[in-house]
A.B. asks: 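I'd like to ask some things about the structure below.
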Amino acid sequence: MDFDHNGISRRSFLTATAAMGAVATLGLAGCGNSPKSSASQATETTGDAPYPERDFAGRLSMSDFESSAAEPTPITEFDEEESYDIVVIGAGTGGVPAAIAAYEAGANVCLIQKEVNAVAQGTGCCYLNPETTDELAAKHLMHSLREFCSYRSTWSLNNVWAENCAEAITWYGEKTDEAGVPHNSKELGVFEYPEGSATTIMFDYEGGMNTPTVGLAEYFGDKVNVHYECPGVQLVKDGDRVTGVFARRKDGTILKLNASKGVIIATGDYQNNDNMVEKYLPNALPFEKKQMNKTGDGQLMGMMAGGLMQNIGHTKMIHAKNWGANCTLFRDTPFLAVNLNGERFCAEDVGFYYRNNMVEWQPDGVWLCIIDSDFEAQAAAMGEKRLATLEDLQSAGEEGGVYTADTIEELASKIGVPADALTATVERYNELATSGAGDLDFGKPTEYMLPVQKAPFYALHKEFAVSAITSGLVINEHAQVLDQDRNPIEGLFAIGNCSGPFYGSIDYPMDIAGLSVSRCITFGYVTGRYVAS
């Protein structure tokens, strides 16, 4: 069997539909360019249709577009035309600062958005405090980030963040203050190395990151031309250069937006496009998705224009399904955990951001944390920094996923697990915890083996859902989208969660809190200024 560079069978690519014989060329033809000549488009015959040597990362199929605003059919006519220096696609965490930064650098900017307003997720963003961060320590931290990412992240992209995040996030805070959306800041993390330390400062906003994003879009709305309910559907190309984008208005008319300096894709991830998730990140399929309308529009438009999609596997960010008690109470504490069968299934000292992998094959993907009335002392003994109190548990109540009972049997009834199984599990766990034998079942460190003995008992019901997918079109340090020969496509840029590889591991690393949002803002700021110049 013949495989392309992504390890996907060429022949299997064609089996979905005979019509896909044309999809491989839709990327260029759909953007107003002629198909590649036969000399540069080596083909092989499968009995269905000729297969092009280059098929835009080996993964475009008609089904990708079923839930996306991106349109594969070549657009040859439009209803209205506007011209700018820069067009930004997506008014989110990265797109809004990109548009503002480009405007402040002297560019004439248009920002288009699929939704009725700007939209962002996340709770805060961090930056490296230049006053307390040694240059070498910052490099060590980025090296550690690459280790967290299984060494699949790109050093140049990580370094762009490290060298520019302080300027970018400080600027962002100034802009939000100016827009009447004040920020809070606090020192968050200290990373110690033999040669020095790196310190992160966290910015956050009441209401999360959606508050400043919407506020900035409104405040700068008279300086940046914004089209809402007007998604980008197809890029415009002149030869090898991207020169604009076709957008479809709410009334169905097509608006052609010319961009003399460049188009910046900032459309977010593809978690709501099931076909793309199945291709690039299938182990995210079992989990609910916390966002809406994240359908991979930018990635598909970029691939149609010749852009390279990041190699699988992509990186998923899976947090608790709901915030509040479900997420914050003992999210990392290695208390006893059982599934809906009442059975223990892992060593519980796995980090919060990896726990989704532990429950992927458990009934309904549920993690039930079982604790007793000594939980506060036990959590402190295990080094938990997010100490929860009895008042926190009582405040959460059953609506917040916290159940209590005077016996294990009664607790089992409340959480819907077999009483005999849960009783046997707790008895076995207590035997290992008190005998000094250690965790002979799963190997959890002995200091975390603390018994569940003192009534009343508590169960914390935890489920997990996709917050973001942080992989996308391959970019260089200037956020230029690369083609399959790893050369930049003129006039095309991508930032935020539709770009990569800033990460690379199967799960988003939470070792640097606030990094995801900070990456989006930093690249928006840097890229907006770069394209404008």
Side-chain angles (χ1 to χ4, degrees), residues 88 91-107 109 111 118 120-142 145 156-191 196-220 223-224 264 266 477-479 495-497 502 511-533:
V88 180
T93 311
V96 169
I100 296 171
Y103 160 77
E104 292 189 337
V109 183
L111 175 64
Q121 290 81 40
T123 56
C125 57
C126 72
Y127 69 91
L128 293 174
N129 186 355
E131 297 179 1
T132 56
T133 297
D134 297 294
E135 183 179 1
L136 184 56
K139 301 301 182 185
H140 285 323
L141 182 59
M142 291 303 95
L145 176 62
S156 61
L157 300 184
N158 299 155
N159 207 42
V160 166
W161 176 80
E163 294 185 350
N164 294 278
C165 62
E167 178 182 344
I169 303 304
T170 301
W171 168 85
Y172 187 82
E174 293 172 352
K175 296 298 109 177
T176 58
D177 288 347
E178 181 182 338
V181 186
H183 66 276
N184 305 306
S185 65
K186 61 182 178 181
E187 184 178 289
L188 188 65
V190 179
F191 303 85
S197 63
T199 305
T200 58
I201 301 293
M202 185 75 159
F203 274 17
D204 58 34
Y205 295 83
E206 186 175 349
M209 292 306 301
N210 195 58
T211 302
T213 304
V214 171
L216 285 173
E218 292 178 350
Y219 182 74
F220 284 91
K223 303 173 178 65
V224 172
I264 301 174
E477 68 274 16
H478 299 302
I495 58 175
N497 288 340
F502 188 89
D511 304 82
I512 306 175
L515 178 60
S516 179
V517 173
S518 181
R519 168 221 185 183
C520 294
I521 295 173
T522 298
F523 272 82
Y525 172 76
V526 171
T527 305
R529 289 163 59 91
Y530 176 81
V531 181
S533 68

A.B. asks: Closest approach of G95 and V88, non-hydrogen atoms and distance?
C.D. replies: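 Closest approach of G95 to V88, heavy atoms only: O-CG1, 3.6 Å.
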A.B. asks: Which value, rounded to the nearest 0.5 Å, describes the distance between L157 atom CG and E477 atom CD?
C.D. replies: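 The CG atom of L157 sits 8.0 Å away from the CD atom of E477.
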A.B. asks: So, taking the atom named CZ in F502 and the one named CG in N497, what distance separates them when rounded to the nearest 0.5 Å?
C.D. replies: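 F502 atom CZ to N497 atom CG measures 11.0 Å (nearest 0.5 Å).
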A.B. asks: So which atom in M209 and which in A120 form the shortest heavy-atom distance, rounded to 0.1 Å?
C.D. replies: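 Residues M209 and A120, closest heavy atoms: O-CB, 3.7 Å.
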A.B. asks: Can you name the residues that form a side chain to side chain donor-acceptor pair (under 3.5 Å) with Q121, not counting sequence neighbours?
C.D. replies: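 So Q121 forms a side chain to side chain donor-acceptor pair (under 3.5 Å) with Q291.
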A.B. asks: For E167, give me all partners under salt bridge (charged side-chain N to carboxylate O under 4.0 Å, His left out), at least two apart in sequence or on another chain.
C.D. replies: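 Salt bridge (charged side-chain N to carboxylate O under 4.0 Å, His left out) list for E167, sorted by chain: empty.
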A.B. asks: Return the set of residues passing side chain to side chain contact (heavy atoms under 4.5 Å, CB included) with V224 (not counting sequence neighbours), or none when no residue passes.
C.D. replies: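 Side chain to side chain contact (heavy atoms under 4.5 Å, CB included) check on V224 returns A99, Y103, V109, L111, V226.
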A.B. asks: Testing the basics here: between I264 and A98, what is the closest heavy-atom pair and its distance to 0.1 Å?
C.D. replies: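 Between these two residues, the closest heavy atoms are CD1-CB, 4.5 Å.
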A.B. asks: Please report the closest heavy-atom contact between I512 and F191, naming both atoms and the distance.
C.D. replies: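 Smallest interatomic distance, heavy atoms only, reads CG1-CZ, 4.2 Å.
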A.B. asks: Distance-only, no hydrogens or angles: does the T133 side chain make a donor-acceptor pair with backbone N or O of A138 under 3.5 Å?
C.D. replies: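 Checking the backbone N and O of A138 against the side chain of T133, no donor-acceptor pair under 3.5 Å is found.
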A.B. asks: So, taking the atom named CG in L136 and the one named CG in L141, what distance separates them when rounded to the nearest 0.5 Å?
C.D. replies: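 It comes to 11.5 Å.
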A.B. asks: Closest heavy-atom contact between A168 and Y525?
C.D. replies: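 Heavy-atom minimum between the residues: CB-CD2, 3.6 Å.
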A.B. asks: F220: which residues meet the side chain to side chain contact (heavy atoms under 4.5 Å, CB included) condition with it, sequence neighbours left out?
C.D. replies: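 Partners of F220 by the side chain to side chain contact (heavy atoms under 4.5 Å, CB included) criterion, ordered by chain and then number, come out as I100, E104, K175, E178, L216, K223.
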A.B. asks: Please collect all salt bridge (charged side-chain N to carboxylate O under 4.0 Å, His left out) contacts where either partner lies in residues 125-139, sequence neighbours excluded, each pair once.
C.D. replies: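 Checked against salt bridge (charged side-chain N to carboxylate O under 4.0 Å, His left out) - neighbours excluded - the pairs reaching residues 125-139 are K139-E163.
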A.B. asks: Would you name the heavy atoms of G94 and I495 that are closest together and state the gap between them?
C.D. replies: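 Closest approach of G94 to I495, heavy atoms only: O-CD1, 3.4 Å.
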A.B. asks: Please list, chain by chain and in numerical order, all residues satisfying ring pair (Phe, Tyr, Trp, His ring centres under 6.0 Å) with Y530, sequence neighbours excluded.
C.D. replies: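 Only H478 meet the ring pair (Phe, Tyr, Trp, His ring centres under 6.0 Å) criterion with Y530.
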A.B. asks: The criterion is side chain to side chain contact (heavy atoms under 4.5 Å, CB included); which residues satisfy it with E174, sequence neighbours excluded?
C.D. replies: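 E174 satisfies side chain to side chain contact (heavy atoms under 4.5 Å, CB included) with T170 once adjacent residues are dropped.
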A.B. asks: If the condition is side chain to side chain donor-acceptor pair (under 3.5 Å), which residues does Y205 pass it with, not counting sequence neighbours?
C.D. replies: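 Scan of Y205 (side chain to side chain donor-acceptor pair (under 3.5 Å), adjacent residues dropped) gives T176.
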A.B. asks: First locate atom SG of C165, then atom CZ of F523, and finally report the distance between them rounded to the nearest 0.5 Å.
C.D. replies: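 The distance works out to 10.5 Å.
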A.B. asks: How would you list, by chain and number, every residue that makes a side chain to side chain donor-acceptor pair (under 3.5 Å) with T522, sequence neighbours excluded?
C.D. replies: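 Listed in chain order: nothing, the list is empty.
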A.B. asks: Show your reasoning for whether side-chain contact (heavy atoms from CB on, under 4.5 Å) applies to T200 and N129.
C.D. replies: CA-CA 6 Å; T200 58; N129 186 355; over 6 Å; no
A.B. asks: Who pairs with C125 by side chain to side chain contact (heavy atoms under 4.5 Å, CB included), at least two apart in sequence or on another chain?
C.D. replies: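 C125: side chain to side chain contact (heavy atoms under 4.5 Å, CB included) contacts with I169, F203, V517, S518, I521.
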A.B. asks: Counting only pairs under 3.5 Å, give me each side-chain donor-acceptor contact of residues 183-190, with atom names and distances, residues two or more places apart or in other chains.
C.D. replies:
residue : atom : partner : partner atom : Å
H183    : ND1  : D177    : OD1          : 3.2
N184    : ND2  : D204    : OD1          : 3.2

A.B. asks: Sequence neighbours left out, what passes side chain to side chain donor-acceptor pair (under 3.5 Å) with T199? Give chain and number order.
C.D. replies: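 Testing T199 for side chain to side chain donor-acceptor pair (under 3.5 Å), a comparison that skips the adjacent residues, returns T132.
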